[in-house]
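Values below: all heavy atoms of this structure, side chains included; hydrogens, waters and symmetry mates excluded.
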Amino acid sequence: MSELAADAVITAIRDLLPVLRDRAQETEDARRVPAESVKALQETGFFKLLQPKSYGGVEADPVSFYTAVKLIASACGSTGWVASILGVHPWHVALFDAQAQQDVWGEDTDVRISSSYAPMGKATVVDGGYRLSGRWSFSSGCDHCSWVLLGGPAFADGKPVDFCTYLLPIADYSIVDVWDTVGLRGTGSNDIVVDDVFVPQHRALSFMATSKCRTPGQEVNPGPLYKLPYGSVHPSTITAPIIGMAQGAYDAHVEHQGKRVRAAYAGEQSKEDPFAKVRIAEAASEIDAAWLQLTHNIDELYQHACRGEKLPFSTRLRVRRDQVRGTERAISAIDRLFENSGGRAIQRGTPIQRFWRDAHAGRVHAANDAERAYVMFGTGAFGLPVENAMV
């Protein structure tokens, strides 16, 4: 499919935004994204943006994907978060062995995959694969999926021998509804429980292979999209919706302030308040800076891959540095706006307080551990070896 297909998806998403915006409170109250919203996103082609062409995907450039995510999150933070997480998983599955891809998409190219990558379970090496057990938390959007990606160490003779991502069909796991939070309430990020199931070898992907950007799936998916580092693609998948939430908060704040009359200041209109204008300008600059850095860095990596060049490690470090910095900028912008929105903005159901809570909830994701990313960058700047797979 051509690049025009990605543009068509983004256009369709823009048309869908008013509906997602109207459903934002419903999404929060239900503690999961409504099935109608997931279906609508599917109909735009969003979930196929990073899916291989060989399985009916768009195989778009990554900036197109992040642009779509940002738009969705600007309408509803929870929907944008779930869309980003579920939307990146076709990219990850495309790195697996060809048989694993056939298992997932062979009969239905519209299936969706959730995840929980933290090593909350344990696998034991057996003939032909692994026996896997454990309980994983924070599997966003899992109620809308029929496959899951789970992280965990692999043991042989009682000793760890690898760290893998395991791909399981819904028949092999159960979902436990535990999601009750103050932010990202609508993401349905519930627990996944696995009780001693067999995972065939072809449905396990070593993280060592992933971190080296040399994976089995590249044999059938040789395009530049699948040569990008996991440590660049996945963390950016976390920051893109947070920047979108900041944009949504900005839009809501400007609309609110344009109508607001401040009784405490003799009926002054907020849009005439010079200090309000300063805060708006500061927030807008932070949001723009976060977005420009994220998209510039990812596109630079992608262009190297398109030319068949080795991906500069310094660029990979910069991607992680600016990814966490982008989250910080977005949070700073939302905080600046929220503190100047007035008492009525904290009422339940108002967009800005929901974006504020959602963005702060997204901030605590492990991918946004800023100090670790900054230390990696500083280590590389001194020419020292960086021993971290998430880069």
Participant: For the residue pair Q101 and N221, what are the closest heavy atoms and their distance?
Facilitator: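 The answer is OE1-ND2, 2.9 Å.
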Participant: Kindly give the heavy-atom pair with the smallest separation between A367 and R320, and that separation in Å.
Facilitator: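 So the two residues come closest at O-NH1, 3.3 Å.
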Participant: Identify the heavy atoms of L41 and L16 that sit nearest to each other, and give their distance.
Facilitator: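 Closest pair (atom of L41, atom of L16, distance): CD2-CD2, 3.9 Å.
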Participant: Fit a plane to each ring of F65 and F46, take the angle between them on a 0 to 90° scale, and name the class: parallel (under 30°), tilted (30 to 60°) or perpendicular (over 60°).
Facilitator: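 Judged by the thresholds at 30° and 60°, the geometry between F65 and F46 is parallel.
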Participant: Could you tell me whether the side chain of T165 reaches within less than 4.5 Å of the side chain of F96, counting heavy atoms only?
Facilitator: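 A side-chain contact under 4.5 Å exists here.
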Participant: Same cluster or not: V63 versus F47, using hydrophobic residues (I, L, V, M, F, W, Y) connected whenever any side-chain heavy atoms lie under 4.5 Å apart?
Facilitator: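 Yes, V63 connects to F47 through the hydrophobic network.
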Participant: Following the transitive rule for hydrophobic clusters with a side-chain heavy-atom cut-off under 4.5 Å over Ile, Leu, Val, Met, Phe, Trp and Tyr, establish whether L95 and Y166 coincide in one cluster.
Facilitator: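 No, L95 and Y166 fall in different hydrophobic clusters.
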Participant: Say whether Q323 and T239, considering side chains only, have a donor N or O and an acceptor N or O under 3.5 Å apart.
Facilitator: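 On atom types as modelled, these side chains qualify, holding a pair under 3.5 Å.
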Participant: Charged N to carboxylate O below 4.0 Å: is that the case for D322 and R329?
Facilitator: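 Between R329 and D322 there is no salt bridge, as every charged N stays at least 4.0 Å from the carboxylate O atoms.
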Participant: Is there a donor-acceptor pair closer than 3.5 Å between any side-chain N or O of Q353 and the backbone N or O of T350?
Facilitator: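 Yes; at least one donor-acceptor contact below 3.5 Å.
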Participant: Excluding sequence neighbours, so at least two apart, what forms salt bridge (Lys or Arg N to Asp or Glu O under 4.0 Å) with R214?
Facilitator: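 Partners of R214 under the salt bridge (Lys or Arg N to Asp or Glu O under 4.0 Å) test: none.
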Participant: Are P200 and Y130 packed together at the side-chain level, in the sense that at least one heavy-atom pair is separated by less than 4.5 angstrom?
Facilitator: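 Side chain of P200 against side chain of Y130, heavy atoms only: no contact under 4.5 Å found.
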Participant: Is the side chain of S84 donor-acceptor paired with the backbone N or O of G80 at a distance under 3.5 Å, no angle test?
Facilitator: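 No, S84 side chain to G80 backbone: no donor-acceptor pair under 3.5 Å.
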Participant: For the residue pair S285 / D288, report whether a side-chain donor-acceptor contact shorter than 3.5 Å exists.
Facilitator: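 The criterion, which ignores hydrogens and geometry beyond distance, is not satisfied for S285 and D288.
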Participant: Give the minimum heavy-atom separation between T27 and P34, together with the two atoms involved.
Facilitator: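 For T27 and P34, the tightest heavy-atom pair comes out as OG1-CD, 3.2 Å.
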Participant: Are more than 12 heavy atoms, taken from residues, nucleotides or ligands other than F138, located less than 6.0 Å from that residue's CZ atom?
Facilitator: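 Open.
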Participant: Look at the side chain of W179 and the backbone N and O of L184, then say whether any donor-acceptor pair between them is shorter than 3.5 Å.
Facilitator: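 Yes; at least one donor-acceptor contact below 3.5 Å.
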Participant: Just by distance, do the side chain of T210 and the backbone of S206 share a donor-acceptor pair under 3.5 Å?
Facilitator: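 Present.
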Participant: For S140 versus S114, what's the shortest heavy-atom pair and its separation?
Facilitator: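 Distance-wise, the nearest heavy atoms are O-CB, 3.8 Å.
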Participant: Taking the ring of F207 and the ring of Y230, is the distance between their centroids below 6.0 Å?
Facilitator: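 Under 6.0 Å, so yes.
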Participant: Could you check whether any side-chain heavy atom of S139 comes within less than 4.5 Å of a side-chain heavy atom of D191, counting everything from C-beta outward?
Facilitator: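 With C-beta onward as the side chain, the pair stays apart.
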Participant: Cluster question for you: counting only ILVMFWY and a side-chain heavy-atom cut-off of under 4.5 Å, with indirect links fine, are L205 and M390 together?
Facilitator: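 Yes: a chain of side-chain contacts under 4.5 Å links L205 to M390.
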Participant: Is the backbone of V178 close enough, under 3.5 Å, to the side chain of N190 for a donor and an acceptor to pair up by distance?
Facilitator: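 Checking the backbone N and O of V178 against the side chain of N190, a donor-acceptor pair under 3.5 Å is found.
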Participant: Do R203 and Q99 have side-chain atoms, one donor and one acceptor, less than 3.5 Å apart?
Facilitator: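 Absent: no donor and acceptor within the cut-off.
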Participant: Using a distance-only test with no angle check, is there a side-chain donor-acceptor pair under 3.5 angstrom linking R321 and Q293?
Facilitator: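 The answer is no; no qualifying pair exists.
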Participant: Would you check if V33 and S37 make a side-chain contact, meaning some heavy-atom pair closer than 4.5 Å?
Facilitator: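 A side-chain contact under 4.5 Å exists here.
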Participant: For D127, what residues pass the salt bridge (Lys or Arg N to Asp or Glu O under 4.0 Å) criterion, not counting sequence neighbours?
Facilitator: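 D127 satisfies salt bridge (Lys or Arg N to Asp or Glu O under 4.0 Å) with no residue once adjacent residues are dropped.
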Participant: If the threshold is 4.0 Å, N to carboxylate O, is there a salt bridge linking E282 and R336?
Facilitator: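 So E282 pairs with R336 through a salt bridge.
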Participant: I'd like to check H89 versus L149 (side-chain heavy atoms, cut-off strictly below 4.5 Å). Are they in contact?
Facilitator: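 Yes, their side chains come closer than 4.5 Å.
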Participant: Count the heavy atoms belonging to other residues, nucleotides or ligands that lie under 6.0 Å from CG of D196, then report whether that count exceeds 12.
Facilitator: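 Yes, because the 6.0 Å sphere around CG of D196 holds more than 12 heavy atoms from other groups.
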Participant: Do E28 and R357 make a side-chain contact, defined as non-hydrogen atoms from C-beta onward lying under 4.5 Å apart?
Facilitator: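 Of all side-chain heavy-atom pairs linking R357 with E28, at least one is under 4.5 Å.
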Participant: Mind checking the OG-CG spacing from S146 to D143? Nearest 0.5 Å is all I need.
Facilitator: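 Spacing of OG (S146) from CG (D143) equals 12.5 Å.
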Participant: Quick test of your reading of the model: are R185 and D180 salt-bridged, counting only N-O distances below 4.0 Å?
Facilitator: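 A salt bridge links R185 with D180.
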Participant: Apply ring-ring contact (aromatic ring centres under 6.0 Å, His included) to the pair H253 and F355, showing each step before the final yes or no.
Facilitator: CA-CA 11 Å; H253 177 80; F355 282 123; over 10 Å; no
Participant: Does atom CG of L292 have more than 12 heavy-atom neighbours from other groups under 6.0 Å away?
Facilitator: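 More than 12 heavy atoms, drawn from other residues, nucleotides or ligands, come within 6.0 Å of this atom.
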Participant: With hydrophobic residues grouped by side-chain heavy-atom distances under 4.5 Å, do L49 and Y55 end up in a single group?
Facilitator: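 Both belong to a single hydrophobic cluster.
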Participant: Please check: side-chain N/O of S211 versus main-chain N/O of M208, any donor-acceptor pairing under 3.5 Å?
Facilitator: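 The answer is yes, because a donor-acceptor pair under 3.5 Å joins these two groups.
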Participant: W356 vs F338 aromatic rings, parallel, tilted or perpendicular, using cut-offs 30° and 60°?
Facilitator: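 If you compare the ring of W356 with that of F338, the planes turn out parallel.
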Participant: Mind checking who shares a hydrophobic cluster with Y374, ILVMFWY linked at side-chain heavy-atom distances under 4.5 Å?
Facilitator: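 Answer for Y374: V324.
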Participant: Taking all heavy atoms of D358 and all of G183, pick out the closest pair and write down the distance.
Facilitator: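 The answer is OD1-C, 3.7 Å.
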Participant: Could you tell me whether the side chain of Y66 and the main chain of S236 form a donor-acceptor pair under 3.5 Å?
Facilitator: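 Answer holds: no.
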Participant: Answer with yes or no whether the hydrophobic clustering places I113 together with W136; edges join I, L, V, M, F, W, Y residues whose side-chain heavy atoms lie under 4.5 Å apart.
Facilitator: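 Per the 4.5 Å side-chain linkage, I113 and W136 are not co-clustered.
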Participant: Taking atom CG of D195 as the centre, report whether more than 12 heavy atoms of other residues, nucleotides or ligands fall under 6.0 Å from it.
Facilitator: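 No, because the 6.0 Å sphere around CG of D195 holds 12 heavy atoms or fewer from other groups.
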Participant: Under a 3.5 Å cutoff, is there a donor and acceptor pairing between the side chains of H92 and Y226?
Facilitator: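 On atom types as modelled, these side chains do not qualify, holding no pair under 3.5 Å.
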Participant: Is S74 close to M245 at the side-chain level, that is, under 4.5 Å between some pair of heavy atoms?
Facilitator: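 No, too far: nothing below the 4.5 Å cut-off.
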Participant: Under 4.5 Å between any side-chain heavy atoms of T295 and W291, yes or no?
Facilitator: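 With C-beta onward as the side chain, the pair touches.
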Participant: Between E36 and K39, does any NZ, NE, NH1 or NH2 come within less than 4.0 Å of an OD or OE carboxylate oxygen?
Facilitator: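 So K39 does not pair with E36 through a salt bridge.
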Participant: Backbone N or O of E328 within a donor-acceptor pair of the S332 side chain at under 3.5 Å?
Facilitator: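 Absent.
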Participant: Without hydrogens or angle criteria, can the side chains of R363 and N368 be said to hold a donor-acceptor pair below 3.5 Å?
Facilitator: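 Note: R363 and N368 side chains miss the donor-acceptor criterion.
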Participant: Between R32 and D177, is there a side-chain N and carboxylate O pair less than 4.0 Å apart?
Facilitator: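 Looking at R32 and D177, the cut-off is met.
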